[in-house]
Amino acid sequence: MKKLSMLLLGLSLLGAPLAQAQKVKTKTKGTAAMLAPSQAGRWSADKANAWYAARPWMTGANFIPSTAINQLEMWQAATFDPATIDKELGWAEGIGFNTMRVFLHSLAWKEDPAGFKKRMNDYLAVADKHHIGTIFVFFDDCWNKDSHIGTQPAPKTGIHNSGWLQDPGDPASRDSATFMQLRPYVTDVLTSFAHDKRIALWDLYNEPGNQGKSTASLPLVRNTFAWAEAVRPDQPLSMGIWNLDFQALNTYQALHSDVITYHNYDEVPAHQREIELLETHGRPLICTEYMARPRNSRFVNILPLLKKYRVAAINWGLVDGKTNTKYAWDTPLADGSEPSEWFHEVFRKDGTPYRQDETDLIKKLNSKP
């Protein structure tokens, strides 16, 4: 995330609603059409705030079971692992977490739509048993651009997220002739779960523009919002802001989201400034990624900040596993040894906390006895 200068750069666009707006279409032309939110589909600020006020303070993690290296390994029939999901969500419940952010993948749906949705339902049943709501994520511009159905690669020793997958990948995310084939996926999943109270939020696209794509992802962003608004599920829709250099993306995402979601891995002063910037929307704020210990984004300093502002707090990582996200983004350890300080994750593979003082704090802030 960027410093104050970048926060101020985006203020005029991120903070001010448009006086007049027109309905989003699958294809738009011109600046006004590109920026205008769909007033027929987007929630009012009053509705968004009422939805948020009715929920407990949302805390939790980005979740993938420790036995999966990526989204396909989590969701394919051969490797779907409800026993591990149940065990690990039980650990989350034990420290008061009540929300998990979970990534889907379009190839798993394409291979077996009915089976994929059954597994989603099975996941939701386990999560609900542990009193945990779910934020589902559709698309993603992060990490590996090529994906395939079947056996997934083994983790690369000491490398953060060595097997994580983009969806739909590159160049598909830039090619409208290809990505238009994703509309049935979004429509089917949203329609099937449109009234499911176990789902807290639909996060439509993770970090659009990452991996050097920048505004090349904007057409898919626009279409994804249009597809989702055409279904208009009961749950809110959002798409998180993550890089304030991407002004066109940030503006479109913010002005079309029912609630404002964002990522911030900075320490307290910069994170607080971003909260204060995003509050200008007058909508609920959900931080869907934070907590990178060596960057001084920690539970001990960031979680109290988020509670003070009543910003929902979803950190990256729950259990040390095949994603290897205890290792830092840019600091691989070729021998696979224990990093001097874990980057992400809360629990070791056996369920013991990485740091007991952290889980004690999480329990306390969640009023978990």
Side-chain angles (χ1 to χ4, degrees), residues 56 58-76 79-105 108 116 119-140 142-143 152 155 160-161 163-165 167 189 193 196 198-203 206-207 235 238 240 261 263 265 286-292 299 303 312-326 342-354 358-359 362 366 368:
M58 297 165 65
T59 65
N62 284 263
F63 176 72
I64 186 167
S66 60
T67 50
I69 191 173
N70 59 31
Q71 310 95 305
L72 284 176
E73 194 159 40
M74 178 174 180
W75 290 111
Q76 290 182 144
T79 46
F80 184 65
D81 188 356
T84 297
I85 291 169
D86 187 17
K87 177 179 65 177
E88 294 177 356
L89 292 186
W91 299 340
E93 180 188 16
I95 60 173
F97 277 168
N98 57 32
T99 308
M100 293 288 132
R101 181 172 181 247
V102 180
F103 287 70
L104 306 172
H105 201 286
F116 176 74
R119 289 185 288 278
M120 286 181 65
N121 187 67
D122 291 345
Y123 171 85
L124 288 168
V126 174
D128 189 57
K129 182 181 81 170
H130 293 292
H131 310 288
I132 289 173
T134 299
I135 297 171
F136 278 130
V137 184
F138 277 104
F139 300 129
D140 192 355
C142 292
W143 303 105
Q152 299 302 299
H160 178 110
N161 254 339
W164 196 265
L165 299 172
D167 186 13
V189 171
F193 294 95
D196 197 316
R198 299 169 298 179
I199 298 172
L201 170 74
W202 297 101
D203 191 350
N206 181 66
E207 300 199 353
Q235 310 90 348
S238 189
T261 56
H263 298 172
Y265 288 101
I286 299 176
C287 180
T288 49
E289 290 188 25
Y290 78 100
M291 210 287 288
F299 289 118
L303 195 56
I314 313 297
N315 69 275
W316 188 274
L318 185 67
V319 181
D320 175 30
K322 292 175 76 173
T323 60
N324 272 348
T325 56
K326 68 181 180 184
W342 282 17
F343 198 65
H344 300 314
E345 314 298 8
V346 180
F347 293 102
R348 299 181 185 274
K349 292 181 177 69
D350 64 359
T352 59
Y354 169 61
E358 290 180 342
T359 53
I362 293 167
N366 282 311
K368 188 75 175 179

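Since this is a predicted model, take the numbers as computed values, not measurements. Numbers for residues simply follow the sequence, beginning at 1.
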Checking I314 against T99 for the side chain to side chain contact (heavy atoms under 4.5 Å, CB included) test, could you report, in this order, the C-alpha distance in whole Å, the side-chain angles of both residues, the deciding distance, and whether it holds? CA-CA 8 Å; I314 313 297; T99 308; 4.0 Å; yes
Assess the pair [X] and [Y]: is the distance between their ring centroids shorter than 6.0 Å?
| X | Y | answer |
| --- | --- | --- |
| H344 | Y290 | no |
| W75 | F103 | no |
| H160 | W143 | yes |

Kindly compute the distance separating [atom1] ([X]) from [atom2] ([Y]), expressed to the nearest 0.5 Å.
| X | Y | atom1 | atom2 | value |
| --- | --- | --- | --- | --- |
| I362 | I95 | CD1 | CD1 | 4.0 Å |
| N315 | T288 | CG | OG1 | 11.0 Å |
| L165 | I69 | CG | CD1 | 8.5 Å |
| M291 | E358 | CE | CD | 6.0 Å |
| L72 | T79 | CG | OG1 | 8.0 Å |
| I132 | Y123 | CD1 | OH | 6.5 Å |

Passing option when Y354 is tested against F343, F347, W342 for ring-ring contact (aromatic ring centres under 6.0 Å, His included): W342
Ignoring hydrogens, what is the shortest heavy-atom contact between [X] and [Y]? Give both atom names and the distance.
| X | Y | answer |
| --- | --- | --- |
| E207 | C142 | OE1-SG, 3.3 Å |
| A61 | G317 | CB-O, 3.7 Å |
| L89 | A127 | CD1-CA, 3.7 Å |
| P65 | M74 | CD-SD, 3.6 Å |
| F80 | R119 | CZ-O, 3.5 Å |

If you define the side chain from C-beta out and look only at heavy atoms, does anything of [X] sit under 4.5 Å from [Y]?
| X | Y | result |
| --- | --- | --- |
| F116 | L104 | yes |
| N161 | N324 | no |
| F299 | V346 | yes |
| Q71 | V137 | no |
| V102 | I135 | no |
| E345 | T323 | yes |
| W164 | I64 | yes |
| N62 | M100 | no |

Side chain to side chain contact (heavy atoms under 4.5 Å, CB included) between L201 and S238, worked out: CA-CA 8 Å; L201 170 74; S238 189; 4.1 Å; yes
Can a side-chain donor-acceptor contact be found between [Y] and [X] if the only test is distance below 3.5 angstrom?
| X | Y | result |
| --- | --- | --- |
| H130 | E93 | yes |
| N206 | R101 | yes |
| S66 | E88 | yes |
| E289 | Y265 | yes |

Partner set under side chain to side chain contact (heavy atoms under 4.5 Å, CB included) for N98, not counting sequence neighbours: P56, M58, T59
Does the pair K349/D320 count as a salt bridge with the N-to-O cut at 4.0 Å? yes
Lys/Arg N to Asp/Glu carboxylate O, D350 vs R348, below 4.0 Å: no
Test side chain to side chain contact (heavy atoms under 4.5 Å, CB included) applied to F63 and W316, step by step: CA-CA 8 Å; F63 176 72; W316 188 274; over 6 Å; no
Is the side chain of [X] donor-acceptor paired with the backbone N or O of [Y] at a distance under 3.5 Å, no angle test?
| X | Y | answer |
| --- | --- | --- |
| D86 | P82 | no |
| D122 | L124 | no |
| N70 | G163 | yes |
| D128 | H131 | no |

Test side chain to side chain contact (heavy atoms under 4.5 Å, CB included) on Q76 and Q152 and set out the steps. CA-CA 10 Å; Q76 290 182 144; Q152 299 302 299; 4.1 Å; yes
